Amino acid sequence: MNWKSFLLGAAFGAIGGYAAKEILSQKTTVSPEKVLAHVKKQFKQNGPISGSWIHMAAEPYEKRQIKYQVYKGGISKNNNGLNEQFEFTADAQTGTILDIQPLTNN
């Protein structure tokens with residue numbers, strides 16, 4: 001066996017594998033279930049949650065001229081007999097909460 005050919009093939013294989021890993025890591029998103037679990041964990045720090053939901057498909061969102069792919073969802077809490085509802089927006093790539101809005105009852 002020719003060692004030059006072997007080492008050249010191994011080098012190209014390693015470079016190709018690394019390039020594929022980098023390309024795939026840029027495209028990955030956090031699952032909606034993990035995002036919802038993260039949001040619920042944050043809200044539970046201030047009391048129990050009575051309900052939650054999340055859209056399973058990521059959608060485009062822009063905040064301060066930065067574009068994201070996001071999941072949107074909501075949390076309900078019972079606070080001293082009052083039902084409070086919040087809508088959240090979370091980055092689909094990292095799971096970071098970008099925005100929380102209280103929903104008002106009209």
Side-chain angles (χ1 to χ4, degrees):
M1 175 186 246
N2 186 347
W3 284 102
K4 283 184 182 180
S5 297
F6 175 75
L7 291 175
L8 187 61
F12 278 120
I15 291 169
Y18 179 76
K21 177 187 123 346
E22 288 299 313
I23 289 169
L24 290 174
S25 69
Q26 292 174 359
K27 302 270 183 199
T28 56
T29 59
V30 177
S31 73
E33 293 87 358
K34 286 186 179 182
V35 171
L36 184 58
H38 172 69
V39 173
K40 287 169 68 173
K41 181 180 176 184
Q42 297 299 314
F43 269 87
K44 283 182 182 178
Q45 292 177 2
N46 296 321
I49 294 172
S50 58
S52 63
W53 58 271
I54 191 165
H55 286 284
M56 298 302 279
E59 58 186 73
Y61 178 78
E62 186 173 331
K63 183 175 183 177
R64 296 186 180 120
Q65 299 181 347
I66 299 174
K67 295 180 181 181
Y68 300 92
Q69 285 292 313
V70 299
Y71 296 119
K72 291 189 175 184
I75 297 284
S76 299
K77 294 183 71 164
N78 191 329
N79 190 12
N80 296 327
L82 275 172
N83 190 33
E84 296 179 320
Q85 296 181 344
F86 301 89
E87 184 177 76
F88 66 85
T89 304
D91 184 4
Q93 196 168 28
T94 64
T96 303
I97 301 168
L98 299 173
D99 199 10
I100 298 173
Q101 297 287 332
L103 298 177
T104 58
N105 296 331
N106 292 333

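These numbers come from a predicted model, not from an experiment. Just so it is clear, the values below take in all heavy atoms, side chains as well, and ignore hydrogens, waters and symmetry mates.
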Side-chain contact, heavy-atom cut-off 4.5 Å: [X] with [Y]?
X	Y	answer
Ile54	Phe88	yes
Ser76	Glu84	no
Ser50	Asn83	yes
Lys77	Asn46	yes
Gln85	Ile75	no
Tyr68	Thr89	no

Problem - Point-to-point distance, once rounded to the nearest 0.5 Å, from CZ of Arg64 to CD of Glu62 - result: 12.0 Å
Handout entry: Atom pair CG (Asp99) and CD (Glu87), whose distance is rounded to the nearest 0.5 Å
Key = 8.5 Å
List the atom of [X], the atom of [Y], and the distance in Å for their closest heavy-atom pair.
X	Y	result
Gly95	Val30	N-CG2, 3.9 Å
Ile49	Lys44	CD1-CG, 3.6 Å
Trp53	Lys72	CZ3-O, 3.8 Å
Ile97	Gln42	CD1-CG, 4.2 Å
Met56	Pro32	O-CG, 3.6 Å

Handout entry: Check: Phe86 ring centre within less than 6.0 Å of Phe43 ring centre
Key = yes
Practice task
Mark yes when over 12 heavy atoms from residues, nucleotides or ligands other than Lys63 sit less than 6.0 Å from its NZ; otherwise mark no.
Solution key: yes
Practice task
Evaluate the criterion side chain to side chain contact (heavy atoms under 4.5 Å, CB included) for residue pair Val39 and Ser52; output intermediate values, then yes/no.
Solution key: CA-CA 9 Å; Val39 173; Ser52 63; over 6 Å; no
